[in-house]
Amino acid sequence: MAAARTYLLDYGLDEHDAGPAGGTYEAADGTSVVLRHASDASLPPSNAPSPNLRETIYGVPSQAVLEEIAAELSKDREVRTDTEGTIHAVDDGGFALGFRVTRRRKFELPLLRFNVPGQSPGRGVNECAASKTEIIRPRTLSHVVYFVPDVKKAEAFYKDRLGFRVTDRFIGLGPFMRPAGTLDHHNLFMIQSFNSHMVGMNHFTFHLGSGHEVLHAGWRFAQRGYKSFWGPGRHIMGSNYFWYFNSPFGGTMEFDADMDLHDDAWTPREMLPGADNSQIFLFEAKDKWAPGE
């Protein structure tokens, strides 16, 4: 638990409600990770060995929408409402999920500005961008990824029962999906499980402000001793910059930035899974070097 807490603080999240039972670790807009011990009786039952993701909670715009979701899910499964008004159920992939009126908040961070030839300067003359001491804050929760035993069944639940849209798809592997209320390429990606090791959560991530922030935050993270799993690079599906690291949570945790936005006019793409379609480029972190060394 202590190492998990340190990991989230080093990732850049702000700690709230910390205590012996765990804590809440927030991005700038209030989206968060809640850390609890696997034996905590307040957690829903697990569908995978611990440590792992025990529940994903989505924000909705109003109490009326919350009641619509509760009514829909109550048609064929147990729906529980807690003392804070959050409703809880289990999806068709076996993952616990909840819904509550959103707690996201507006935030202000320094404007990110870039100098691009052929465009008006983003920064003033003599204003330097690179700083060893810059503060990099995760801005908002980006997405979560599950291994699921039956990806077609899991997709149908989110699409037909909750109105999620398929943005893109890896053929035979799974869909990238977004709910109403966001234009992000995906908030949910599900991967068909093919063996006993592919269970529970694959990864989750928060958006940073830019590709530069992904590289700088990832570099700092690696220097603290965290093991890089994949990256840095840039995906094709979603176009987001990425850098994944091993984590104490049963899967990896990612830094990401600059994800594509899509509306309902978008036509989903289908690609075969594989290295050529997983990233447009990929690098590997090395120790610092200078000419003459």
Side-chain angles (χ1 to χ4, degrees), residues 11-14 26-31 104-143 165-168 176-187 189 203-223 228 230-245 253-271 275-286 288-291:
Y11 183 90
L13 300 174
D14 293 331
E26 292 187 348
D29 73 341
T31 52
R104 287 187 187 229
R105 58 177 180 257
K106 294 183 179 180
F107 63 92
E108 292 186 4
L109 290 175
L111 180 67
L112 298 179
R113 299 179 295 176
F114 303 92
N115 289 335
V116 180
Q119 299 181 14
S120 299
R123 293 191 307 278
V125 176
N126 300 325
E127 184 179 349
C128 300
S131 171
K132 291 182 179 180
T133 60
E134 74 172 317
I135 297 173
I136 300 173
R137 291 197 63 195
R139 294 171 176 242
T140 184
L141 186 65
S142 173
H143 59 268
R165 298 286 187 134
V166 174
T167 310
D168 284 320
F176 296 89
M177 306 186 78
R178 61 175 182 84
T182 180
L183 298 176
D184 272 1
H185 177 269
H186 63 282
N187 295 122
F189 177 44
H203 75 271
F204 65 93
T205 178
F206 290 79
H207 286 311
L208 300 186
S210 68
H212 160 77
E213 288 194 352
V214 169
L215 295 174
H216 196 170
W219 173 265
R220 289 175 173 176
F221 213 52
Q223 300 313 298
S228 175
W230 183 19
R234 190 168 196 179
H235 288 306
I236 296 173
M237 298 286 209
S239 299
N240 43 306
Y241 292 90
F242 67 84
W243 199 342
Y244 298 78
F245 286 84
M253 194 166 172
E254 177 191 3
F255 294 101
D256 99 330
D258 197 16
M259 179 177 279
D260 291 334
L261 303 178
H262 297 287
D263 62 17
D264 293 346
W266 173 254
T267 300
R269 299 168 293 182
E270 294 191 347
M271 296 184 187
D276 286 342
N277 290 333
S278 291
Q279 60 258 300
I280 195 167
F281 60 78
L282 181 68
F283 295 104
E284 184 177 354
K286 295 291 186 182
K288 284 186 175 180
W289 174 86

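Atoms CG and CZ, on Leu111 and Arg123 in that order, are 11.5 Å from each other to the nearest 0.5 Å. Rounding to the nearest 0.5 angstrom, the gap separating the OG atom in Ser278 from the CE atom in Met271 is 10.0 Å. The line from CZ of Arg104 to CG of Asp29 is 5.0 Å long, rounded to the nearest 0.5 Å. Within the model, atoms CG of Leu282 and NE2 of His235 stand 9.5 Å from one another, a figure rounded to the nearest 0.5 Å. With rounding to the nearest 0.5 angstrom, the NE2 atom of His216 is 5.0 Å from the CD1 atom of Ile136. A distance of 13.0 Å separates CD of Glu213 from NE2 of His207, quoted to the nearest 0.5 Å.
Checked options Phe204, Phe242, Phe221; the residue passing with Phe255 is Phe221 (criterion: ring pair (Phe, Tyr, Trp, His ring centres under 6.0 Å)). Looking at Asp168, Asn240, Thr167 one by one, the single match for side-chain hydrogen bond (donor to acceptor under 3.5 Å, both in side chains) with His185 turns out to be Asp168. Looking at Asp264, Asp263, Asp260 one by one, the single match for salt bridge (Lys or Arg N to Asp or Glu O under 4.0 Å) with Arg178 turns out to be Asp264.
Counting heavy atoms from C-beta on, the side chains of Leu13 and Glu26 never come closer than 4.5 Å. A heavy-atom distance below 4.5 Å is found between the side chains of Asp184 and Leu261. Arg269 has its side chain out of reach of Phe176: every pair of non-hydrogen atoms, C-beta onward, lies at least 4.5 Å apart. For the pair Ile280/Arg234, a side-chain contact is recorded, criterion being any heavy-atom separation below 4.5 Å from C-beta on. Phe245 has its side chain out of reach of Met253: every pair of non-hydrogen atoms, C-beta onward, lies at least 4.5 Å apart. In this structure, the side chains of Tyr244 and Thr205 stay at 4.5 Å or more apart for every pair of heavy atoms. Contact of the Pro232 side chain with the Tyr241 side chain is not registered, since no non-hydrogen atoms from C-beta on lie closer than 4.5 Å.
Shown here for Ala27 and Arg105, the closest heavy-atom pair between the two residues is O-NH2, 3.7 Å. When all heavy atoms of Ser228 and Trp243 are compared, the pair lying nearest together is OG-NE1, 2.8 Å. When all heavy atoms are compared, the tightest approach of Gly211 to Ala257 is N-CB, 4.0 Å. Listed here is the closest heavy atom pair of Gly12 and Pro138: O-CD, 3.3 Å.
A donor-acceptor pair under 3.5 Å is absent between the side-chain atoms of Tyr11 and the main chain of Ala217, judged by distance alone. Under a 3.5 Å cut-off, the side chain of Gln279 and the backbone N or O of Ala275 do form a donor-acceptor pair.
In summary, the side chains of His143 and Asn187 do not present any donor paired with an acceptor at a separation below 3.5 Å, with no hydrogens or angles considered.
Legend: residues meeting side chain to side chain donor-acceptor pair (under 3.5 Å) with Arg137, ordered by chain and number and at least two apart, are Asp14.
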